[in-house]
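One structure is given here, and the rest of the page talks about it.
The first residue in the sequence is number 1, and the count goes up from there. All values below come from the heavy atoms of this structure, side chains included, with hydrogens, waters and symmetry mates left out.
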Amino acid sequence: KVIVLGLTGAGKTSLIDALTYQTGTDPSISPSHTVGVDYTVWQSLIHGRDAPLELHILDFGGHDVYYRMYPFFLADDDVVILAVNSRDYEICCKDSFMHHIGQWIERVQSHTPGALMLPVITHTDCCPNVEEKVRDMKQQMSKQDEDSIKLFEHKIAQADFSLRELSESESDRRCE
């Protein structure tokens with residue numbers, strides 16, 4: 001199963017159309033936004049396989065009212081594609097990173113830590129400095145990972161300390 005997430009206008013549906021039908025969509029011709037979730041089954045013949053590869057693709061609307069819905073569809077073995085609109089992403093801006101990427105990583109990982117997340121940069125044809133933005137995104141994701149690891153290590157240390165205190169107080173009670 002493939003789950004496609006991202007903000008409104010990130011290009012999620014266009015990305016799915018390009019992958020499954022090998023066509024692009026021009027939003028200026030037919031502007032539309034996904035309402036709720038769209039479901040697509042895509043089959044592709046893979047060299048060396050007897051049966052076609054079948055992907056079940058869930059395209060979630062990007063409006064914040066749908067944010068509560070997608071966790072119900074996530075499973076540990078899913079692939080999550082995160083569409084990131086390169087036109088709207090601001091370099092060296094933590095708020096922009098959190099809005100476009102960071103919040104999605106945190107939400108998905110909090111529900112399904114085993115899910116594979118693949119950020120896909122969209123609207124690159126309209127963004128002259130896309131390489132610089134991609135470098136910034138990678139740096140920000142690495143920093144977010146480091147911060148998460150530090151937080152996890154801190155919580156382990158707190159739990160270890162609490163367990164030692166509990167063990168010591170239990171020993172003290174036995175000695176009385």
Problem - Separation between CE of M117 and CG of L82, rounded to the nearest 0.5 Å - result: 5.0 Å

Fill in the blank from the handout: Output for pair (H99 NE2, W104 CH2), nearest 0.5 Å, gives 9.0 Å

Practice task
Take N129 and I91, measure what side chain to side chain contact (heavy atoms under 4.5 Å, CB included) needs, and give me the verdict at the end.
Solution key: CA-CA 10 Å; N129 60 340; I91 296 171; 3.6 Å; yes

Practice task
Measure the shortest side-chain to side-chain distance between V80 and L116 over non-hydrogen atoms and say whether it is less than 4.5 angstrom.
Solution key: no

Problem - Sub-4.5 Å side-chain heavy-atom contact between I81 and L15 - result: yes

Handout entry: D78 side-chain N/O to A75 backbone N/O, donor-acceptor pair under 3.5 Å
Key = yes

Exercise for the section: Check whether any side-chain heavy atom of L19 lies under 4.5 Å from a side-chain heavy atom of W42, and answer yes or no. Expected result: no

Handout entry: Partner residues of R164 under the salt bridge (charged side-chain N to carboxylate O under 4.0 Å, His left out) criterion, sequence neighbours left out
Key = D160

Exercise for the section: Name all pairs fulfilling the salt bridge (charged side-chain N to carboxylate O under 4.0 Å, His left out) condition that reach into residues 114-136, sequence neighbours left out, sorted by first residue then second. Expected result: none

Handout entry: Validation row: V41, L55 side chains within 4.5 angstrom (heavy atoms)
Key = no

Exercise for the section: Check whether any side-chain heavy atom of L74 lies under 4.5 Å from a side-chain heavy atom of I3, and answer yes or no. Expected result: yes

Handout entry: Hydrophobic cluster identity match, F73 and Y39, side-chain contacts under 4.5 Å
Key = yes

Problem - For K138, salt bridge (charged side-chain N to carboxylate O under 4.0 Å, His left out) partners two or more places apart - result: none

Exercise for the section: Could you tell me whether the side chain of Q140 reaches within less than 4.5 Å of the side chain of Y89, counting heavy atoms only? Expected result: yes

Problem - Any donor-acceptor pair under 3.5 Å from S86 side chain to V130 backbone - result: no

Fill in the blank from the handout: Between the NE2 atom in H47 and the CG atom in L45, the distance rounded to the nearest 0.5 Å is 11.5 Å

Handout entry: Chi angles and distances behind the side chain to side chain contact (heavy atoms under 4.5 Å, CB included) call for L151, D147
Key = CA-CA 6 Å; L151 179 62; D147 292 346; over 6 Å; no

Exercise for the section: Would you check if E54 and H56 make a side-chain contact, meaning some heavy-atom pair closer than 4.5 Å? Expected result: yes

Exercise for the section: Nearest 0.5 Å please: distance from the SG atom of C127 over to the CZ atom of R87. Expected result: 9.5 Å

Practice task
Taking S110 for its side chain and R107 for its backbone only, find out whether a donor-acceptor pair lies under 3.5 Å.
Solution key: yes

Problem - G102 backbone acceptor or donor facing Q144 side chain under 3.5 Å - result: yes

Exercise for the section: Would you confirm whether T122, through its side chain, and V84, through its main-chain N or O, come within 3.5 Å as a donor-acceptor pair? Expected result: yes

Completion exercise
So CD1 of I121 and NE2 of H100: to nearest 0.5 Å the spacing works out to 10.5 Å

Practice task
Ignoring hydrogens and angles, tell me if any N or O in the side chain of S167 forms a donor-acceptor pair with the backbone of L163 under 3.5 Å.
Solution key: no

Handout entry: Ion pair check, D59 and K12, cut-off under 4.0 Å
Key = no

Problem - Spacing of Q139 atom CD and M141 atom CE [to the nearest 0.5 Å] - result: 10.5 Å

Handout entry: Beyond-backbone contact of V4 with L58, side-chain heavy atoms, under 4.5 angstrom
Key = no

